[in-house]
Number of protein chains: 2
Amino acid sequence: MYGNNRHHGRGGGHRGQDRMMGRSLVRMMQPAMLILLNRGPVHGYALMDQLTEEFSIPVMNPNQVYRALRHLEGVGAIESDWDQDESQGPPRRVYRLTSDGHEMLDFWVKDLEETRSILDRILKAYQEDVS
Amino acid sequence: MYGNNRHHGRGGGHRGQDRMMGRSLVRMMQPAMLILLNRGPVHGYALMDQLTEEFSIPVMNPNQVYRALRHLEGVGAIESDWDQDESQGPPRRVYRLTSDGHEMLDFWVKDLEETRSILDRILKAYQEDVS
DNA sequence: ATTAACTATTGACAAAGTGTAAATAATAAG
DNA sequence: CTTATTATTTACACTTTGTCAATAGTTAAT
């Protein structure tokens, strides 16, 4: 079983926060994946682990990762082949960045930086409001 | 005409970045709106302006804002009434936070903070990779 | 007074994205 | 041989988003 059911707790009250419109890390996953792929070829399952372990992006379902990979391949950002030296399990599809993918990574990094500055502005505004 | 067509440029090359899966500020808009609503009642059009001017969230289409407002009302985070003292235009629907909305705001702020830390981790990792 | 521009909200439909569950399959451990 | 783990794929309903346009009141110009 893939290991995290703790997609924000359901322990409090917070009706309606488990599934709704709002900020969503699924949307952050894609750029993050390109960054990881930039280090070299990987297969989906490993990528999934890195997303959780290195970035703490909660991947609730492996399908999300495979989905995103297929999407990235669809737009030509990555390419794949079946792995030769297979290991503990069924054959693995290994992905690598294309040159278009590198361009896209560039774009997304700038975009993420802009996002961060917007996020900072939002949080700062709130902190000033409540202080 | 509502004033911003500059939803990241289409000027470069970057095939496929205008419309796709990836990070999306639309998803950031909702928590931002709650923060603005926390200051007091507002109507949609004003909210739209504040999102762009104060937070630099590019709202390409006013519909997005109204949609989000209807959604937030649907989940009980906000309530609305028609404005009494009407001004330059047709009647305006004025929204205010409910107590559920305050709870939700609390939740989203913590969530945004977590998002920021993930974002930081992602960008930091990339900067270390390329340096 | 007709037109144009701005303020303000709503509607509708196609396309894209997401949650969720499960099927498939190979290998390793017991 | 059964179970657990690794690994990828499929399917369907539901939600969200893009896009475009309709509606309508107010203000300013011709």
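FYI, side chains are in, hydrogens and waters are out, and symmetry mates aren't considered; it's all heavy atoms of this structure. Naming convention: chains lettered A, B, ... in sequence-line order (proteins, then strands); numbering from 1 in each chain.
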Phosphate-side-chain proximity, B:Gln88 and C:dA8, N/O vs OP1/OP2 below 4.0 Å: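 So the side chain of B:Gln88 is within the cut-off, an N or O lying under 4.0 Å from OP1 or OP2 of C:dA8.
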Under 4.0 angstrom between A:Tyr66 side-chain N/O and D:dT9 OP1 or OP2: no
Roughly, in whole Å, what's the span from [atom1] in [X] to [atom2] in [N]?
{"X": "B:His43", "N": "C:dC6", "atom1": "NE2", "atom2": "P", "result": "17 Å"}
{"X": "B:Ile57", "N": "D:dT17", "atom1": "CD1", "atom2": "P", "result": "13 Å"}
{"X": "A:Tyr45", "N": "C:dA28", "atom1": "OH", "atom2": "C1'", "result": "14 Å"}
{"X": "B:Asp83", "N": "C:dA8", "atom1": "CG", "atom2": "P", "result": "10 Å"}
{"X": "B:Arg93", "N": "D:dT23", "atom1": "CZ", "atom2": "P", "result": "19 Å"}
{"X": "B:Asp49", "N": "C:dT7", "atom1": "CG", "atom2": "P", "result": "8 Å"}
{"X": "B:Gln64", "N": "D:dT16", "atom1": "CD", "atom2": "C1'", "result": "11 Å"}
{"X": "B:Arg27", "N": "C:dG19", "atom1": "CZ", "atom2": "C1'", "result": "12 Å"}

Residue pair [X] / [Y]: nearest heavy atoms and the distance that separates them:
{"X": "B:Ala32", "Y": "B:Ile57", "value": "CB-CD1, 3.9 Å"}
{"X": "A:Met29", "Y": "A:Val59", "value": "SD-CG2, 4.3 Å"}
{"X": "A:Pro41", "Y": "A:Val94", "value": "CB-CG1, 3.5 Å"}
{"X": "B:Thr98", "Y": "B:Gly76", "value": "OG1-O, 2.6 Å"}
{"X": "A:Phe55", "Y": "B:Ala125", "value": "CE2-CB, 3.5 Å"}
{"X": "A:Leu34", "Y": "A:Ala77", "value": "CD2-CB, 4.4 Å"}

With a 3.5 Å cut-off and heavy atoms only, can you find an N or O donor on one side and an acceptor on the other between the side chain of [X] and the base of [N]?
{"X": "A:Asn61", "N": "C:dT18", "result": "no"}
{"X": "B:Asn63", "N": "D:dT19", "result": "yes"}
{"X": "A:Arg67", "N": "C:dG19", "result": "yes"}

Which residue lies more 5' along DNA chain D, comparing A:Tyr95 with B:Gly89 via nearest heavy atoms: A:Tyr95
Hey, what are the protein-to-nucleotides 28-30 of chain D N/O distances that come in under 3.5 Å?
none

Under 3.5 Å: donor-acceptor pair, side chain of B:Ser80, backbone of B:Arg93: no
Of the listed nucleotides D:dA7, C:dG17, D:dT9, the one nearest the side chain of A:His71: C:dG17
